[in-house]
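A quick note: this is a predicted structure, and the numbers were derived from the prediction, not measured. Chain letters run A, B, ... following the sequence lines, proteins first and then strands; every chain starts at 1. Quick note: numbers below take in every heavy atom, side chains included, and nothing from hydrogens, waters or symmetry partners.
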Amino acid sequence: MSDAPLPSHDFIREIVAADVAAGRRDGRVHTRFPPEPNGRLHIGHAKSICLNFGIAREFGGTCNLRMDDTNPTKEDMEHVDSIVEDVRWLIAGWAEDRLGLKLKGASPRAEGADFHLPAVGLRTLGVEPFFASDYFDALYELAVRLIRKGKAYVCDHTPEEVDRMRGAPGRAGEPSAHRDRSVAENLDLFAQMKAGRFPDGSRTLRAKIDMASPNVWLRDPVLYRIRHANHHQTGDRWRIYPMYDFAHGLSDYIEGITHSLCTLEFEVHRPLYDWILENLDLPRPLPRQREFARLNLTWTVMSKRKLLRLVEEKHVAGWDDPRMPTLAGLRNRGYPAAAVRAFCERIGVAKRENTIELGLLEHFVREELNRAALRRFAVLRPLKVVLVNLPEGHAEELSATNNPEDPSAGARRVSFGRELWIERDDFAENPPPKFFRLKPGGEVRLKNAYVIRCEEVVKDARGNPVELRCTADLTSKTGGATSNRKVKGTIHWVSAACALEAEVRLLETLFTVPAPDAVEDFTSVLNPRSLEVLSGCKLEPLLAEIAPGVPVQFERLGYFVRPQLQGKAEGEGGARAELVFLRTVTLKDARAKLAPGGASG
RNA sequence: UACCCGAUGGUGUAAUGGUAGCACAGAGGCCUUUGGAGCCUUUAGUGAAGGUUCGAAUCCUUCUCGGGUAGCCA
């Protein structure tokens, strides 16, 4: 879009640039984003997506979207569709031309001793993401090849035995009793494993590397395990399934990936990644794995396990609840994809553990929305104002700017009358120092209208203000020749005669502490006020025409959006208003700093 | 305990042997018919100790601290 970022110089891009400069792979760059379809994508994935697609974009390459679906007991089809949707949302208008997919149903063809599955673009008809499960045939053949070379064997030890015999960091493991089986016997056993003749857990295929390696991932790691389970893509065709380490590097190879970027916890797997590729005598150049630090954000949790728990225990309405750090949640909340991308661009990529302040994300959301959002008036907690010097039934039309940041957005007409709603917080009977809004005997500018003076406060039995009787200075009309009166404060308002009733949901962080991950049980610091539902809010009528998903600024309050996705955060009690808005993010509020508790809605 | 990785203001991230910079946050100011936006100024940093060098955030050594790894998860 409008973002023309300065060329990023993180260490990953330096590696890629150096490879290109050295003419490795003929200067070709091909990355991949390989989620496991067992949950929804979150802001942490956004970092990886922006990295992988950003590199593809900057180096004229492609980034394959691949489902890392090698474990049939943990993954399902439902998540595949939502992942594709989330990725496309995030890269839309930015890198969708870099998205690598494949022809529906295509799987790698063996050409000679090689396997290869090229990517096609989004514009090709009948496409779908890549699936590691598409490579099960190829992977099986490659495993057989490893056995033939004497570099893999079938092991009959139980999971407990394998675990014990692996040793520990600092203590060498001991070899499997079946480590030196003949190639013929291994081949036969592996074929029987494939045929489903053995129960789960009874045998594995293991790489023959080094049981004494200081790197435990090199101690004859399991390559294949038996799982009598149906797979969402391959049905009941397989009874053995490859492990991540065996499948991942080879999937990269099959797709012609040049740079395989993953998070730091895979760093110790890299020697195994390389070992598998190098011991198969593959004809084409090999992909290279590099690792970077994952994203952590304050005020939220990021682990799939914890997010799942929030959903399952119904602390939120679903994966796409606008309070969730999932991409669907952020989208539902009204965060523009461009803001998420700008955020990812800014946080950089490095190997150091990092926790980014939520405020930085919000900064980019505000920056994007300030540029794009139409301004409208909305009163969240209404207080009646009657202008006693106007005749009953007085009505006039005033002009209001749609977006001061964008003159092309033009202006609109707003109705003004004798009775108005203003924000309860914009009146104080006993104002603190530096209170610039309305007070008894005080004046304030009604934005786009008149300066008014509060003449009388009408109260209920308990002494709470229920109505302000004010006078308007009719010479002060905005835009008029004598409108230039200096008044300290300006407040927003909505004509009572025309106001729309609506429900407005105020969202706060899901947790009451900035580092919920550091707490023993993160559910113990859930924020009971993460969702506040206000009903009876008064909206400028034009707000009914704002489509779901389109951001709008309620002047002086923040950015709001009508919910757009399936899942809805449920309101507490009360009839559901027809019109619902939720708050994406507040405006930056200098007031809040002056007077604690002075912040409104 | 073994192996691997990391350490620069509050939070991130640059500087690739040559003036420690940028963003966010913070503070102060200007402007303002959004206490918004915008503009200006400003506080604050190389984990420690040695060494190499004319010169070290950067190279070397030792230490300290933090993270990762011992699934038939990814």
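- Computed from coordinates, the A/Lys486 NZ to B/U33 C1' distance equals 9 Å when rounded to whole Å.
- In this entry the distance linking CG of A/Asn370 with P of B/U34 reads 13 Å, nearest Å.
- Where A/Asp245 and A/Pro214 each meet RNA chain B at their nearest nucleotide, the meeting point lying more 5' is that of A/Pro214.
- For the pair A/Tyr224 OH and B/C72 P, the computed distance is 16 Å after rounding to whole Å.
- Ion pairing of A/Glu423 with A/Lys538 is absent here, as no side-chain N (NZ or NE/NH1/NH2) approaches a carboxylate O to less than 4.0 Å.
- Comparing the same atom, P, in B/A74 and in B/C5 gives a spacing of 25 Å after rounding to whole Å.
- The pairing partner recorded for B/A23 is B/U11, the criterion being a Watson-Crick or G-U wobble arrangement whose two distances lie under 3.5 angstrom.
- Spacing between B/C59 and B/A25 at atom P, rounded to whole Å, works out to 33 Å.
- With respect to the salt-bridge test (charged N to carboxylate O, under 4.0 angstrom), the residues A/Asp86 and A/Arg40 qualify.
- Applying the 3.5 Å distance criterion, the base of B/C22 shares a donor-acceptor pair with the side chain of A/Arg346.
- Taking only side-chain atoms of A/Arg352, from C-beta outward, the nucleotide of B/A7, B/U69, B/A70 with the closest atom is B/A7.
- Between B/U58 and B/G26, the distance separating the two C1' atoms is 30 Å to the nearest Å.
- Counting non-hydrogen atoms under 4.0 angstrom, A/Ile347 reaches the backbone sugars and phosphates but no base.
- Only the C1' atoms considered, B/C22 is 33 Å distant from B/U61, to the nearest whole Å.
- Side-chain N/O atoms of A/Lys304 include none lying less than 4.0 angstrom from OP1 or OP2 on B/A74.
- Aromatic rings of A/Tyr335 and A/Phe364 (six-membered ring for Trp) have centroids beyond the 6.0 Å cut-off, not under it.
- Counting distance only, with no hydrogens placed and no angle test, the side-chain atoms of A/Thr355 and the base atoms of B/U11 include no donor-acceptor pair under 3.5 Å.
- The side chain of A/Arg375 approaches B/U34 more closely than any other nucleotide in the set B/U34, B/G12, B/G35.
- Residue A/His248 is out of contact with every strand shown, counting any heavy-atom pair closer than 4.0 Å.
- Between the side chain of A/Arg437 and the base of B/G35, a donor-acceptor pair under 3.5 Å is found.
- Salt bridge A/Glu443/A/Lys488: absent, no basic N to carboxylate O contact under 4.0 Å.
- Among the protein residues, A/Lys351 comes within range of the sugar-phosphate backbone only, with heavy atoms under 4.0 Å from sugar or phosphate atoms but none that close to a base.
- With 3.5 Å as the limit, one finds no donor-acceptor pair spanning the side chains of A/Tyr273 and A/Gln289.
- Nucleotide B/G6 has B/C65 as its partner under the Watson-Crick or G-U criteria, with both atom distances under 3.5 Å.
- When distances are taken from the side chain of A/Val216 to each of B/U13, B/U69, B/G35, the shortest belongs to B/U69.
- Base contact: A/Glu405 has a heavy atom under 4.0 Å from a base atom.
- Among the heavy atoms of the strands lying under 4.0 Å from A/Ala350 are primed sugar atoms or P, OP1, OP2 only; no base atom is included.
- For the OP1/OP2 pair of B/G35 and a distance below 4.0 Å, the side-chain nitrogens and oxygens of A/Arg556 include at least one atom meeting the criterion.
- For an aromatic pair to be called close, the ring centres must be under 6.0 Å apart, and A/Tyr140 with A/Phe190 satisfies this.
- For A/Pro169, taking side-chain heavy atoms from C-beta onward, the closest of the listed nucleotides B/G12, B/A70, B/G35 is B/A70.
- B/U33 atom C1' lies 9 Å from atom CG of A/Asn484, rounded to whole Å.
- As judged by a 4.0 angstrom heavy-atom cut-off over every strand, A/Glu267 is placed among residues touching the sugar-phosphate backbone only.
- Judged by closest nucleotide on RNA chain B, A/Asp163 is the one of A/His269 and A/Asp163 placed further toward the 5' end.
- We find that CZ of A/Phe343 is positioned 14 Å from P of B/C24, with the value rounded to whole Å.
- For the P atom pair drawn from B/G17 and B/A23, the interatomic distance equals 25 Å after rounding to whole Å.
- Proximity of A/Arg166 to the phosphate of B/C72: a side-chain N or O atom is located under 4.0 Å from OP1 or OP2.
- With A/Tyr153 as the aromatic partner, A/Arg206 does not meet the cation-pi criteria of under 6.0 angstrom to the ring centre and within 45 degrees of the ring axis.
- With ring centers used as reference points, A/Phe136 lies under 6.0 Å from A/His231.
- Nucleotide B/A56 is matched to nothing when pairs are restricted to Watson-Crick or G-U wobble geometry with both distances under 3.5 angstrom.
- For A/Glu357 against B/G10, a side-chain-to-base donor-acceptor contact under 3.5 Å is present.
- In the set B/C22, B/C5, B/G68, the nucleotide with an atom closest to the side chain of A/Glu265 is B/G68.
- B/C40 and B/U46 have their C1' atoms separated by 29 Å, given to the nearest Å.
- Following rounding to the nearest Å, A/Ile491 (CD1) and B/U33 (P) show an atom-to-atom distance of 16 Å.
- Applying the 4.0 Å criterion to OP1 and OP2 of B/U11, one finds that A/Thr298 has every side-chain N and O outside that range.
- Between A/Arg305 and B/A74, a side-chain N or O to OP1/OP2 separation shorter than 4.0 Å is absent.
- If you check B/U34, B/A74, B/G67 against the side chain of A/Glu353, the one that comes closest is B/G67.
- Using atom C1' as the reference point in both B/U13 and B/A44, the two lie 16 Å apart (nearest Å).
- Taking the P atoms as reference points, B/G47 lies 15 Å from B/A56, given to the whole Å.
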